[in-house]
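For the numbers below, each heavy atom of this structure counts, side chains included, while hydrogens, waters and symmetry mates do not.
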Amino acid sequence: MSLLHLAIISPFLLAVLVPILYKLFKKVHTGWFILPLPLVLFVYFVSFVSATSTSQPIIESFTWIEALGIEFTAKIDGLGLLFALLITGIGTLVILYSIYYLSKDKEKLNTFYVYLLLFMGAMLGVVLSDNLIVLYAFWELTSFSSFLLIGYWYDREKSRYGAQKSMLITVFGGLSMLGGIILLYIMTGTFSISEIIAHSDVIFTHPLFVPALLCILLGAFTKSAQFPFHIWLPDAMEAPTPVSAYLHSATMVKAGIYLVARMSPVFADHALWLWLIAGFGIVTLFWGSFSAVKQTDLKAILAFSTISQLGMIMSLLGIGAAALHFDGIDDKYHTIATTAAVFHLINHATFKGSLFMVVGIVDHETGTRDIRRLGGLMQLMPITFTLAIIGSFSMAGLPPFNGFLSKEMFFTAMTHIIDFNVFQLDTWGILFPVIAWIASVFTFIYSMILVFKTFTGKFQPEKLEKKPHEAPIGMLISPIILASLVIIIGFFPNILSVNIIEPALSAIMPEFLFEVHISFWHGFNLELWMTIGVIVLGTLLYLSLAKWRKIYGLFPEKLALNKAYDHGLLFAQNGSLKMTRMYMNGSIRSYLIYIFAFFIAILSSVLFSQNAFKIDLEHASDVRYYEILLVAVIVIASVAILFAKSRLTSVILLGAVGYTVALFFVNFRAPDLALTQLVIETISVSLFLLCFYHLPKKRNEERMAFKATNLVISIGVGAVVTLIALSAHSTKLFESISQYYVENTYTEAAGKNMVNVILVDFRGFDTLFEIVVLAIASIGIYAMIKLRMKGAK
């Protein structure tokens, strides 16, 4: 295992130690023990900057599951490094912020930091894995850990609801992505992303190309909250603010962006890739910005703004794919969309991270996030107000902040779409700049709402839960650093061009050589006039907000996507409940009927469809007289059970059947099986007698009436098992695995008893999973007992 692998798994290793540190050092905030790790990782990844900008990617690999050809291959190129720096850099600031935001006396910090470290490690695994199966494993771990983080305050109904919603939607997309990964493997015979990219020309002509494309995009859209899967993101705001700042600025929602960027070299040649990504992206951009304006909760405004900004980045990645269809590109306009996507990815992390922390400060110091109860905080919280101005103005795309530069590049990319004479962009493409400009107007409005509705206007102390004051310096450090980056990148944008942006672009579009130069002033061009139009119209609409905001009431609430989700979930729950009640009637006999009927139907159909039914007794052993006698004992005892009038007689007869089977094992020279059978039979009989001792006396009217259905199923099960046994002896559809065990029992497992080796080694995972199931059941029983005892107090 290399140092790079250790960097990926280090958050998981530290997560194991967190409960111990929490117990041993109760007087110290647990966050101080966590803070050094992301900082060290950030410095470690910074050391790769020069390497990724001047040489080939750094690749470290070791075999994980050799039998399946799965290797844990860690790869650092420009794209992976960019995300790794965001994950660890923003992660450091979030943890520092959380130390002052979360009280060590009121919160369960051990669970919080375990969840956060799991999430950090999972995200690093996603962006640095070159093997798609490993990437998928980390991908699903991000869904699981984000579920835990969103539901951290599990005693709140909204937290549980938001956590469940995010889990259901993102895991659904993840399963779809897994389908796409399997299709890619079928097409290429490898899970390596690098090798799949190398075979992209072969994949493009394969009939499974489009299904794989759709499955991959579904995974990306659900994770990055693209319309209509965006509905989970606002409900995720129930998480603590440090979690929201981390998930929305640098990690969870950026995973889908990363997946699209990483897989662009494979799929971007197809028109469907361009139209789906650009189309869903631009719709998400508009809907997110439009919906943000009507929100009254500060975190809800930021949630919908994140949806909008993600749509913007996604649309740019889609439009950027058009550049692949032009040879000999000698201008910047064909590739500016992808450049703008990468640049805005960085800018969004800085201003959105700072804004979430600002909102957390406002909530922490006033006790509310409702803008209807806020106002007039500018004089009481001047530093927080300044940070809000910087973050919001950058989000609105105003100079001199970094958001202005990437927004201008966004306008440039959108206005030059009609110059692309591919995929009908020269006709339908006119919709993109129009929608982009309208969405930018709404972005300006909600940015102004965020600042001025909170910090200006009338101060309403009677509506606040706390007496507001400026936050402690510890809580201000992180947003100050991020706001400083907003300004620094705004004035000196090219500090990132060569070492960060260009290598990332080369990973997304390896066909081109990029020379990125971002300028602040381009004269009075169309993009600048569009910005001026956004400011003018946005200001007018903001000032007249009360007059036109009623248009949101025109949208029927019952047609909202959230309502559709809730009704769909309720329908699934009620439907499953009704279906369950149809067959779960409390009768074990009924359950056995269902099981055996299914058993008969499936096995008999397979037996005959495969033409496997065959009886050949040519090589069968001779049946000896005492074997006939043992069979007769089993048959007589089995039939006698049906007519037994007492439970004791039934138990004795059932035991006779079991002990007679043990004699068969002895006769066939299988002492291990015979001993196992004897032990199990003895325990079973004893338990039956113990249970029957406590049961009420059996009455004659309780005798089960004869049913033809039971007779048919009983005979059917016996007949099917008999046919399978005879056919297994007479027919070989494939080579038996028994020879493998004979050859490998001693050499591979160092055991001489083949049966034991099969149970312990060759079936090791089966045994392990059985133990896990029992452990889970035990934990569940223990939890129910504890809850019952707690409720009885």
Criterion side chain to side chain donor-acceptor pair (under 3.5 Å) on Tyr136 and Glu140, from CA distance to verdict = CA-CA 6 Å; Tyr136 172 75; Glu140 293 295 51; 3.0 Å; yes

request  = Using the side chain to side chain donor-acceptor pair (under 3.5 Å) rule, take Glu502 and Ser53 through it: C-alpha gap first, then chi angles, then the decisive distance, then the call.
outcome  = CA-CA 7 Å; Glu502 287 181 6; Ser53 59; over 6 Å; no

Sub-4.5 Å side-chain heavy-atom contact between [X] and [Y]:
X	Y	value
Leu79	Val342	no
Leu141	Val126	no
Leu302	Leu450	yes
Met357	Leu387	no
Arg369	Val359	yes
Val134	Phe138	yes
Thr222	His230	no

Derivation of the side chain to side chain donor-acceptor pair (under 3.5 Å) call for Ser143 and Thr170 = CA-CA 6 Å; Ser143 296; Thr170 57; 3.3 Å; yes

How long is the span from the [atom1] atom in [X] to the [atom2] atom in [Y], to the nearest 0.5 Å?
X	Y	atom1	atom2	answer
Ile488	Ile481	CD1	CD1	10.5 Å
Tyr154	Glu157	OH	CD	16.0 Å
Asp130	Ile76	CG	CD1	12.0 Å
Lys467	His469	NZ	NE2	9.0 Å
Phe221	Leu259	CZ	CG	10.0 Å

What pair of heavy atoms forms the shortest contact from [X] to [Y], and how long is it?
X	Y	answer
Ser129	Ile193	O-CD1, 3.6 Å
Phe229	Trp232	O-CD1, 3.0 Å
Gly288	Ile307	CA-CG2, 4.1 Å
Lys27	Lys104	O-CE, 3.5 Å
Gly151	Ala163	N-CB, 3.7 Å

query = Would you call the rings of Tyr246 and Phe119 parallel, tilted or perpendicular, where under 30° means parallel and over 60° means perpendicular?
reply =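 Geometry flag for Phe119 against Tyr246: perpendicular rings.
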
query = Any Lys/Arg nitrogen of Asp77 or Arg262 sitting under 4.0 Å from an Asp/Glu carboxylate oxygen of the other?
reply =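 A salt bridge is present here (some side-chain N lies under 4.0 Å from a carboxylate O).
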
query = Under 4.0 Å between a Lys/Arg side-chain N and an Asp/Glu carboxylate O for Lys299 and Asp297?
reply =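 Salt bridge between Lys299 and Asp297, a charged N being under 4.0 Å from a carboxylate O: no.
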
Is there a donor in the side chain of [X] and an acceptor in the side chain of [Y], or the other way round, less than 3.5 Å apart?
X	Y	result
Lys223	Thr142	yes
Lys254	His248	no
Thr73	Glu60	no
Ser98	Tyr113	yes
Tyr101	Thr241	yes

inquiry  = Suppose we call two aromatic rings close when their centres sit under 6.0 Å apart. Are Tyr152 and Phe112 close by that rule?
reply    = yes

ask   = How about Phe351 and Phe401: are their ring centres within less than 6.0 Å of each other?
value = no

key: Lys466 atom NZ, neighbour heavy-atom count above 12 within 6.0 Å   = yes

ask   = OH of Tyr161: more than 12 outside heavy atoms within 6.0 angstrom?
value =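 Above 12, so yes.
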
message = Run the side chain to side chain donor-acceptor pair (under 3.5 Å) test on Lys453 and Thr296 for me, step by step, so that the C-alpha distance in whole Å, both residues' side-chain angles and the decisive distance to 0.1 Å come before the verdict.
response = CA-CA 10 Å; Lys453 294 292 185 182; Thr296 57; over 6 Å; no

Would the distance check show the side chain of [X] and the main-chain N or O of [Y] forming a donor-acceptor pair, the cut-off being under 3.5 Å?
X	Y	value
His29	Ile99	yes
Thr366	Val362	yes
Thr52	Val49	yes
Ser484	Ile480	yes
Asn347	Asn402	yes
Gln226	Ala220	no
Ser224	Gly256	yes

ask   = After noting the C-alpha distance and the side-chain angles of Glu470 and Leu380, does the key distance pass the side chain to side chain contact (heavy atoms under 4.5 Å, CB included) rule?
value = CA-CA 6 Å; Glu470 189 58 87; Leu380 299 172; over 6 Å; no

request  = Could you please spell out the steps behind the side chain to side chain contact (heavy atoms under 4.5 Å, CB included) verdict for Lys75 and Ile58?
outcome  = CA-CA 6 Å; Lys75 174 182 176 181; Ile58 293 91; over 6 Å; no

ask   = Would Lys26 count as a cation-pi partner of Tyr22, with NZ or CZ less than 6.0 Å from the six-membered ring centre and within 45° of the ring normal?
value = yes

inquiry  = When you measure from the centre of the six-membered ring of Tyr565, is the NZ or CZ of Lys165 closer than 6.0 Å and no more than 45° off the axis?
reply    =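 Pair Lys165/Tyr565 counts as cation-pi.
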
message = Using ring pair (Phe, Tyr, Trp, His ring centres under 6.0 Å), reason through Phe33 and Phe25 one step at a time and then give a plain yes or no.
response = CA-CA 10 Å; Phe33 299 109; Phe25 304 96; 5.3 Å; yes

inquiry  = With side chain to side chain contact (heavy atoms under 4.5 Å, CB included) as the criterion, how do Met123 and Tyr258 come out once you've worked through the C-alpha distance, each side chain's angles and the decisive distance to 0.1 Å?
reply    = CA-CA 11 Å; Met123 278 302 305; Tyr258 168 81; over 6 Å; no

key: Test side-chain contact (heavy atoms from CB on, under 4.5 Å) applied to Phe42 and Leu37, Thr88, Leu93, Ile90, the passing residue   =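 Of the listed residues Leu37, Thr88, Leu93, Ile90, the side-chain contact (heavy atoms from CB on, under 4.5 Å) partner of Phe42 is Thr88.
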
note = Tested for side-chain contact (heavy atoms from CB on, under 4.5 Å) against Phe45, the lone hit among Leu124, Val40, Leu82 is Leu124

key: Under the ring-ring contact (aromatic ring centres under 6.0 Å, His included) test, residues paired with Phe62 that sit two or more places apart   =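 Checked Phe62 against ring-ring contact (aromatic ring centres under 6.0 Å, His included); matches are His5, Phe72.
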
key: Contacts of type side chain to side chain donor-acceptor pair (under 3.5 Å), residue Lys463, not counting sequence neighbours   =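 Scan of Lys463 (side chain to side chain donor-acceptor pair (under 3.5 Å), adjacent residues dropped) gives Gln460.
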
For Glu238, side chain to side chain donor-acceptor pair (under 3.5 Å) partners two or more places apart =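 In terms of side chain to side chain donor-acceptor pair (under 3.5 Å), with neighbours along the sequence ignored, Glu238 is linked to no residue.
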
ask   = Could you walk me through whether Met167 and Phe144 pass the side chain to side chain contact (heavy atoms under 4.5 Å, CB included) check?
value = CA-CA 7 Å; Met167 173 71 93; Phe144 173 71; 4.2 Å; yes

